[in-house]
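As structure tokens, the structure follows; a few thoughts come after it.
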Amino acid sequence: MKKVLVVMGSDSDLPVVEGAVAQLTAFDIPFEAHVCSAHRTPDYAAELARNAAQKGFGVIIAFAGKAAHLAGVLAAYTALPVVAVPVSARALDGIDALLSMVQMPPGVPVATVAIDGGKNAGVLAAQILALSDAALFDKLETMKADMAASVLKKDEELQGRLK
Ligand code: RP5
């Protein structure tokens, strides 16, 4: 199976990164995680992205807050799909990072998930890898069925309480 490359702009992003890592682990998806800043270590960012495909990665997930250029810079150096996670910071609650990530120029997209949406980044990365992995696709279908069952159970309980 292809691996997922997880890149965060700072170790202060770790609480959000953990949501994605938990999801990748739950699906038994191999991954590597690195701290690498688009602004503080631009050469390292270029190196990670340039070498990712040949190192067996199939998807990159990039986490950054504030003026969040990491996902876009990684996408500039690779044809692999990049999932972008805006991380909330105190001043602007993540709107700054969200807008930085979502407004990419034509030809260089990144797939931006919700502010602090680490879990969904893990799920989306799994969905991309599942295009060529039937066993992983089955796990995703099971996850969706479990979610549906959980909502239906809550609906049933609500009906009981309202009687
Ligand atoms: C961004 O700036 C990082 O992704 C982080 O979200 C934010 C603050 O970084 P630190 O000052 O905590 O290293 O580049």
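Every number for a ligand or one of its atoms is a count from 1 in the order of the listing. For the numbers below, each heavy atom of this structure counts, side chains included, while hydrogens, waters and symmetry mates do not. This structure is a prediction, so every number in the text was calculated from the model and none was measured.
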Checklist line | Distance-only N or O hit between ligand 1 and Gly65, under 3.5 Å | finding: yes

Next item on the list: Find out whether Val7 and Ile61 are in side-chain contact, i.e. whether some heavy atom of one side chain is under 4.5 Å from a heavy atom of the other.
Entry: no

Next item on the list: Please say whether Ser12 places an N or O atom under 3.5 Å from an N or O atom belonging to ligand 1.
Entry: yes

Next item on the list: Pull out every atom of ligand 1 sitting under 4.0 Å from any heavy atom of Asp13, numbered as shown with elements.
Entry: 3 (C), 4 (O), 5 (C), 6 (O)

Note to self: Within the 4.0 Å heavy-atom shell around Gly9, which atoms of ligand 1 are there?
What the structure shows: 3 (C), 4 (O)

Next item on the list: Flag the pair Lys139 and Asp28 as a salt bridge only when some basic side-chain nitrogen lies within less than 4.0 angstrom of an acidic carboxylate oxygen.
Entry: yes

Item checked: Distance-only donor-acceptor check, side chains Asp155 and Gln159, under 3.5 Å -> yes

Next item on the list: Verify whether one side chain among Asp116 and Ser88 offers a donor that lies under 3.5 Å from an acceptor in the other.
Entry: yes

Margin query: Just to confirm my output: which protein heavy-atom neighbour is closest to atom 7 (C) of ligand 1, and how far is it?
Written below: Lys66 CD, 4.2 Å

Check: Below 4.0 Å from any atom of ligand 1, is there a heavy atom belonging to Arg40?
Finding: yes

Notebook entry, point to check: If you draw the axis of the six-membered ring of Phe31, does the NZ or CZ of Lys3 fall within 45° of it and under 6.0 Å from the ring centre?
Noted result: no

Notebook entry, point to check: Which atoms of ligand 1 have any heavy atom of Ala64 under 4.0 Å away?
Noted result: 4 (O)

Item checked: Closest approach of any protein heavy atom to atom 10 (P) of ligand 1, naming residue and atom -> Ser10 OG, 3.4 Å

Notebook entry, point to check: So which of Thr41, Leu74, Val73, Asp43 actually passes side-chain contact (heavy atoms from CB on, under 4.5 Å) with Cys36?
Noted result: Thr41

